[in-house]
Amino acid sequence: MKDMKYILRNALVLLILTVIVVGLSICIAFYFKYLMQPVHIKADTKFKEEDLEGFIGFEDYVFVGTVKEHLGNFNDNSEIGIPYNKFKVTVDKNIKGNLKKDIEVLDLGGTTGIGAPVIIEGKEPGKQLEVGKTYLLLGSVIHDKSIVIEMPKCKIELLNYSVDANTDEINNLIKTYEEAYKNERKYERRRNKSKYDETKEEIKEIKK
């Protein structure tokens, strides 16, 4: 009789452990299959790809910058509403605006609170800025005067960029953006001056 009780008790314990293991396996499978799937956000732009003058007119700053440090991923910001990564950037050349040498930018995308990747998509899937690389960047200023890089077309990687000398391809690209800035079509919207802007005169707010 004691042997039977012992066998039943062990069987019960084994059954409970089996149920726990199966339950955990189902939860883990659900977590990775559904909750950890990438979140794709389609970048919304009011301008066509070829309308560079309109696009630059919408943005507040255009500059060449080298990413120096990743300062973290932030996924709980009700003002922006989208997770973002913060980077420390050295400004190598101002095209539109007058930013100081060392700034921080917010690059939309990253991960949600549970770790699922958030991808901002444009014509092509977006990628986050990478430390050590140099980009042609276009940014808008938000309520707290931070600069936000909003979509893939706002960050163009410049391979082998040098402050002193560059390839014809890079020089021509920068020249194209400089000419487009001269002929920009200003978009009427509320604007803020970045906390990194060294321009003395205040930027007038335009209310739409």
Side-chain angles (χ1 to χ4, degrees), residues 43 45-47 49-72 80 84-110 120 122-124 126-187 189-206:
T45 176
K46 301 178 184 296
F47 309 98
E49 291 287 329
E50 64 272 13
D51 186 9
L52 193 54
E53 289 82 4
F55 188 43
I56 288 178
F58 179 83
E59 299 295 332
D60 295 313
Y61 297 94
V62 182
F63 59 98
V64 175
T66 300
V67 182
K68 295 297 184 181
E69 184 181 353
H70 179 229
L71 301 175
I80 296 179
Y84 63 88
N85 279 281
K86 182 183 289 188
F87 294 91
K88 185 175 290 185
V89 173
T90 295
V91 177
D92 300 303
K93 180 181 178 66
N94 281 298
I95 296 175
K96 177 179 180 178
N98 185 29
L99 296 171
K100 61 174 62 174
K101 191 70 174 175
D102 297 307
I103 67 172
E104 293 177 3
V105 301
L106 312 183
D107 186 17
L108 295 189
I120 310 296
K123 199 169 184 179
E124 298 177 355
K127 295 180 179 179
Q128 290 286 288
L129 296 176
E130 295 183 36
V131 175
K133 293 186 176 182
T134 301
Y135 299 84
L136 177 59
L137 297 168
L138 294 88
S140 295
V141 180
I142 58 174
H143 66 286
D144 66 354
K145 300 186 177 181
S146 296
I147 298 175
V148 176
I149 311 300
E150 301 166 294
M151 60 188 80
K153 66 180 294 185
C154 291
K155 43 189 173 184
I156 303 172
E157 185 181 349
L158 303 178
L159 295 173
N160 301 316
Y161 176 83
S162 170
V163 176
D164 301 317
N166 287 295
T167 63
D168 290 340
E169 182 179 2
I170 290 178
N171 288 331
N172 290 336
L173 178 64
I174 292 175
K175 186 176 180 180
T176 297
Y177 275 74
E178 288 175 333
E179 289 299 318
Y181 171 49
K182 291 178 183 178
N183 300 298
E184 70 171 337
R185 294 194 312 281
K186 205 75 171 178
Y187 185 83
R189 64 176 179 83
R190 182 179 295 277
R191 293 180 184 270
N192 294 307
K193 181 178 177 180
S194 169
K195 54 190 173 185
Y196 304 110
D197 196 320
E198 294 188 320
T199 305
K200 291 183 179 179
E201 63 271 17
E202 290 294 327
I203 295 178
K204 294 182 179 180
E205 288 190 351
I206 301 177

Quick one: pull up CG in Asp144 and CG in Leu106 and give me the separation to the nearest 0.5 Å.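 Atom-to-atom, Asp144:CG and Leu106:CG are 7.0 Å apart.
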Supply the atom-to-atom distance Asp102 CG to Tyr196 OH, rounded to the nearest 0.5 angstrom.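 Those atoms lie 10.0 Å apart.
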Atom [atom1] of residue position [X] - does it have more than 12 heavy atoms of other residues, nucleotides or ligands inside 6.0 Å?
X: Lys101; atom1: NZ; result: yes
X: Lys175; atom1: NZ; result: no
X: Asn160; atom1: CG; result: no

With sequence neighbours excluded, what pairs up with Lys133 under the side-chain hydrogen bond (donor to acceptor under 3.5 Å, both in side chains) test?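 Expected list: Glu130.
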Once side-chain hydrogen bond (donor to acceptor under 3.5 Å, both in side chains) is applied, do any residues pair with Asn166, and if so which ones, sequence neighbours excluded?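 None.
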Walk me through whether Lys155 and Asp107 qualify under salt bridge (Lys or Arg N to Asp or Glu O under 4.0 Å). CA-CA 9 Å; Lys155 43 189 173 184; Asp107 186 17; 2.7 Å; yes
Does the distance from a Lys or Arg side-chain N to an Asp or Glu carboxylate O, for [X] and [Y], drop under 4.0 Å?
X: Lys93; Y: Glu178; result: yes
X: Asp60; Y: Arg191; result: yes
X: Arg185; Y: Asp51; result: yes

For Glu179, all residues meeting salt bridge (Lys or Arg N to Asp or Glu O under 4.0 Å), sequence neighbours excluded: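 Salt bridge (Lys or Arg N to Asp or Glu O under 4.0 Å) list for Glu179, sorted by chain: Lys182.
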From CA spacing to verdict: side chain to side chain contact (heavy atoms under 4.5 Å, CB included), Leu129, Leu137: CA-CA 10 Å; Leu129 296 176; Leu137 297 168; 4.0 Å; yes
Would you check, one step at a time, whether the test side chain to side chain contact (heavy atoms under 4.5 Å, CB included) holds for Glu184 with Phe58? CA-CA 9 Å; Glu184 70 171 337; Phe58 179 83; over 6 Å; no
His70 and Asn85: side chain donor to acceptor below 3.5 Å: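 Present: a donor and an acceptor within the cut-off.
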With a 3.5 Å cut-off and no angle check, do the side chains of Tyr61 and Asn98 form a donor-acceptor pair?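 No, because no side-chain N or O of Tyr61 sits under 3.5 Å from a partner of the opposite role on Asn98.
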Side chain proximity check, [X] to [Y], heavy atoms < 4.5 angstrom:
X: Ile149; Y: Tyr84; answer: no
X: Leu99; Y: Glu198; answer: no
X: Thr90; Y: Ile103; answer: no

Think Lys153 forms a cation-pi with Phe55, using NZ or CZ under 6.0 Å from the six-ring centre and within 45 degrees of its axis?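 Checked: cation-pi criterion met.
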Glu150 vs Ser140, side-chain hydrogen bond (donor to acceptor under 3.5 Å, both in side chains): CA-CA, chis, key distance, verdict: CA-CA 8 Å; Glu150 301 166 294; Ser140 295; 3.2 Å; yes
Would you check, one step at a time, whether the test side chain to side chain contact (heavy atoms under 4.5 Å, CB included) holds for Ile174 with Ile95? CA-CA 8 Å; Ile174 292 175; Ile95 296 175; 4.1 Å; yes
